[in-house]
Amino acid sequence: MTAISSSPEAGPDAAGLHAPVLAWFEQNARDLPWRRPEAGAWGVMVSEFMLQQTPVSRVLPVYEQWLARWPRPADLAAEAPGEAVRAWGRLGYPRRALRLHGAAVAITERHGGDVPSDHAHLLALPGIGEYTAAAVASFAYGQRHAVLDTNVRRVFARAVTGVQYPPNATTAAERKLARALLPDDEERAARWAAASMELGALVCTARGEDCARCPIAESCAWRLAGKPAHDGPARRGQTYAGTDRQVRGRLLAVLRDAVTPVGQAALDAVWHDPVQRARALDGLVADGLVEPLDGGRYQLPAG
DNA sequence: GAGTCGTGGAA
DNA sequence: TTTCCAAGACT
């Protein structure tokens, strides 16, 4: 039990976190293009797809090109999925591009071309999970949702729970805490979601916290406990060199840069091991990221 | 629930 | 140089 729920008389802000974090956000929020009014729900949604496991700095240029080329969901839906994969460039996890295209198609078919505001409808779209559905509903439509991303989870773990890092997988206790901390007022809740996330991204980071700049350092449970080191199992680092992921990345890079279908020889050149190479290519085809043609040639999916 | 799925910059 | 990790989703 936390101090929040142990006080029956207390409201959701028993710890006094809202005011300082919201005031800090007012002064320190980054001016990101998807936060501007002209971005709209589609801009917010595109940014959320791109920001899944990819840093802001790398998303920015691709986001601008994407919105300029496909300003509405129907514009993207009218394109071949392979064009989405190509425009995705080197953001990584290219299945996100395929899913964003699929979401645009679904929005065009099921929602009249407008990004749905209903959480359940958002969740039903490809590539949108619990986090992204809440993020779009909150950031684009000002709704009251617990937006639990890695930044918020880390902030809550430290400020409230008093540990250095949150669990590897999101727990029911974290969801409960996030809901309990959500301001009652809808508009305030939406700003709180963005503010708590920004605090984790700029001040209370995984690399190292900057408590001198933190608006809630005085009440932070982890800091007050003397910043005990994380004790649980170490988060397993992902080795990348030599994996199928690396081979898939190289294969897809060749196809992205090619205007015409690519022959087997060009693909064979990217990796020495023919077994792993074939496995990676089969995986890309199975995922719908690559389309096999007659004569052993390949291209990005035409639709 | 653990594994899989890219990429590149900062420490 | 190596390691870490950045607004997750899906199976």
Side-chain angles (χ1 to χ4, degrees), chain A residues 25 29-30 32-35 39 43-63 85 88-100 102-103 122-140 145-156 165-172 174 178 190 193-202 204-210 230 233-256 270 279-280 282-284 286-290:
Chain A
F25 186 60
R30 290 169 291 180
L32 300 170
W34 44 87
R35 285 179 176 166
V44 171
M45 184 175 142
V46 170
S47 77
E48 290 303 334
F49 270 77
M50 292 182 173
L51 288 165
Q52 290 168 3
Q53 304 288 282
T54 303
V56 168
S57 60
R58 288 174 50 209
V59 164
L60 284 169
V62 182
Y63 171 86
V85 174
W88 197 255
R90 306 191 68 81
L91 285 182
Y93 292 146
R95 290 190 292 195
R96 291 181 294 165
L98 222 46
R99 290 168 181 159
L100 179 52
L122 287 165
L123 198 55
L125 297 173
I128 294 192
E130 184 182 355
Y131 160 76
T132 303
V136 172
S138 180
F139 301 156
H145 292 283
V147 182
L148 257 191
D149 80 320
T150 185
N151 289 307
V152 175
R153 294 180 62 218
R154 186 174 54 251
V155 169
F156 289 176
Y165 296 115
N168 281 327
T170 305
T171 63
E174 288 183 275
S196 53
M197 191 176 310
E198 190 79 335
L199 186 61
L202 298 183
C204 194
T205 67
R207 294 273 187 188
E209 67 287 355
D210 187 356
H230 183 68
R235 296 159 296 175
R236 40 176 300 126
Q238 63 223 24
T239 52
Y240 178 66
T243 62
D244 284 5
R245 297 163 77 175
Q246 183 179 24
V247 184
R248 287 166 58 108
R250 289 192 182 185
L251 289 170
L252 204 58
V254 171
L255 291 164
R256 272 200 314 265
V270 308
R279 185 173 67 229
D282 286 348
L284 289 170
D287 290 344
L289 285 163
V290 171

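Every chain is numbered from 1, with letters handed out A, B, ... down the list of sequences.
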| query | Nearest to the side chain of Arg90(A) - dT7(B), dG6(B), dA6(C)? | reply | dT7(B)
| Can you tell me if the side-chain N/O atoms of Tyr240(A) get under 4.0 Å from OP1 or OP2 in dT7(B)? | yes
| request: Mind calculating the distance between CG (Asp287(A)) and P (dG3(B)) to the nearest angstrom? | output: 19 Å
| query | Looking only at side chains, do Glu48(A) and Tyr131(A) share a donor and an acceptor under 3.5 Å apart? | reply | yes
| said: Nearest to the Arg96(A) side chain among dA7(C), dG6(B), dC5(C), which nucleotide is it? | reply: dG6(B)
| request: Assign each of Leu289(A) and Ala169(A) to its nearest nucleotide of DNA chain B by heavy atoms, then name whichever residue's nucleotide is nearer the 5' end. | output: Ala169(A)
| request: Determine the interatomic distance between P on dA7(C) and the same-named atom on dA10(B); round to the nearest Å. | output: 15 Å
| query | NA contact type, Arg30(A), heavy-atom cut-off 4.0 Å: base, sugar-phosphate, or nothing? | reply | base
Review item, nucleotides 9-11 of chain B N/O atoms under 3.5 Å of protein N/O:
from, atom 1, to, atom 2, distance (Å)
dG9(B), N2, Arg207(A), NH2, 3.1

| query | Within a strict 4.5 Å, meaning less than it, do heavy atoms of the Arg35(A) and Glu198(A) side chains meet? | reply | yes
| query | Looking at side-chain heavy atoms only, is the closest gap between Gln53(A) and Tyr93(A) below 4.5 Å? | reply | yes
| message | What's Phe49(A) touching, base or sugar-phosphate or nothing? Going by heavy atoms closer than 4.0 Å. | response | nothing
| Sugar-phosphate only, base, or nothing, as touched by Trp88(A) at under 4.0 Å among non-hydrogen atoms | nothing
| message | Using side-chain heavy atoms (C-beta onward) and a distance below 4.5 Å, is Thr132(A) in contact with Leu122(A)? | response | no
| field | Atom pair distance, as rounded to whole Å: OH in Tyr165(A) and C1' in dA6(C) | value | 14 Å
| request: Could you tell me whether Gln246(A) contacts a base, only the sugar-phosphate backbone, or nothing, with contacts defined as non-hydrogen atoms closer than 4.0 Å? | output: nothing
| query | Taking C-beta and beyond as the side chain, do Met50(A) and Trp88(A) meet within less than 4.5 Å on heavy atoms? | reply | yes
| Within this structure, what is the CG-to-P distance between Asn168(A) and dA2(B), rounded to whole angstrom? | 8 Å
| Base, sugar-phosphate, or nothing for Leu252(A), non-hydrogen atoms under 4.0 angstrom? | nothing
| request: Could you tell me whether the side chain of Thr170(A) reaches within less than 4.5 Å of the side chain of Arg153(A), counting heavy atoms only? | output: yes
| request: Would you indicate what Gly129(A) reaches in the nucleic acid, counting non-hydrogen atoms under 4.0 angstrom: base, sugar-phosphate, or nothing? | output: sugar-phosphate
| Rounded interatomic separation in angstrom, taking CD from Glu130(A) and P from dA9(C) | 8 Å
| message | Would you say Gln53(A) places a side-chain N or O within less than 4.0 Å of OP1 or OP2 belonging to dG8(C)? | response | yes
| query | Among the nucleotides dC10(C), dA7(C), dG8(C), which one has an atom lying closest to any side-chain atom of Thr132(A)? | reply | dG8(C)
| task | Check whether any side-chain heavy atom of Val56(A) sits under 4.5 Å from a side-chain heavy atom of Leu51(A), and report yes or no. | result | yes
| field | Nearest-angstrom distance, C1' atom, dC4(C) to dG6(B) | value | 15 Å
| note | Per atom distances to the Arg99(A) side chain, the nearest of dC5(B), dA7(C), dC10(C) is dC10(C)
| dC5(B) C1' sits how many Å from Arg245(A) CZ, rounded? | 5 Å
| remark: Contacts of Arg58(A) meeting side-chain hydrogen bond (donor to acceptor under 3.5 Å, both in side chains) (sequence neighbours excluded), chain-then-number -> none
| task | Send over the distance from Leu123(A) CG to dA9(C) P, rounded to a whole Å. | result | 9 Å
| said: Between dG6(B) and Thr54(A), counting only base atoms on the nucleotide and side-chain atoms on the residue, is there a donor-acceptor pair under 3.5 Å? | reply: yes
| said: In whole Å, I'd like the distance from the CG atom of Asp244(A) to the P atom of dT7(B). | reply: 13 Å
| Please give, in whole Å, the distance from dC10(C) P to Ile128(A) CD1? | 9 Å
| said: What contact category does Leu32(A) fall into here, base, sugar-phosphate, or nothing, at under 4.0 angstrom with non-hydrogen atoms? | reply: base
| query | Would the number of heavy atoms belonging to other residues, nucleotides or ligands and lying under 6.0 Å from CD of Glu130(A) be above 12? | reply | no
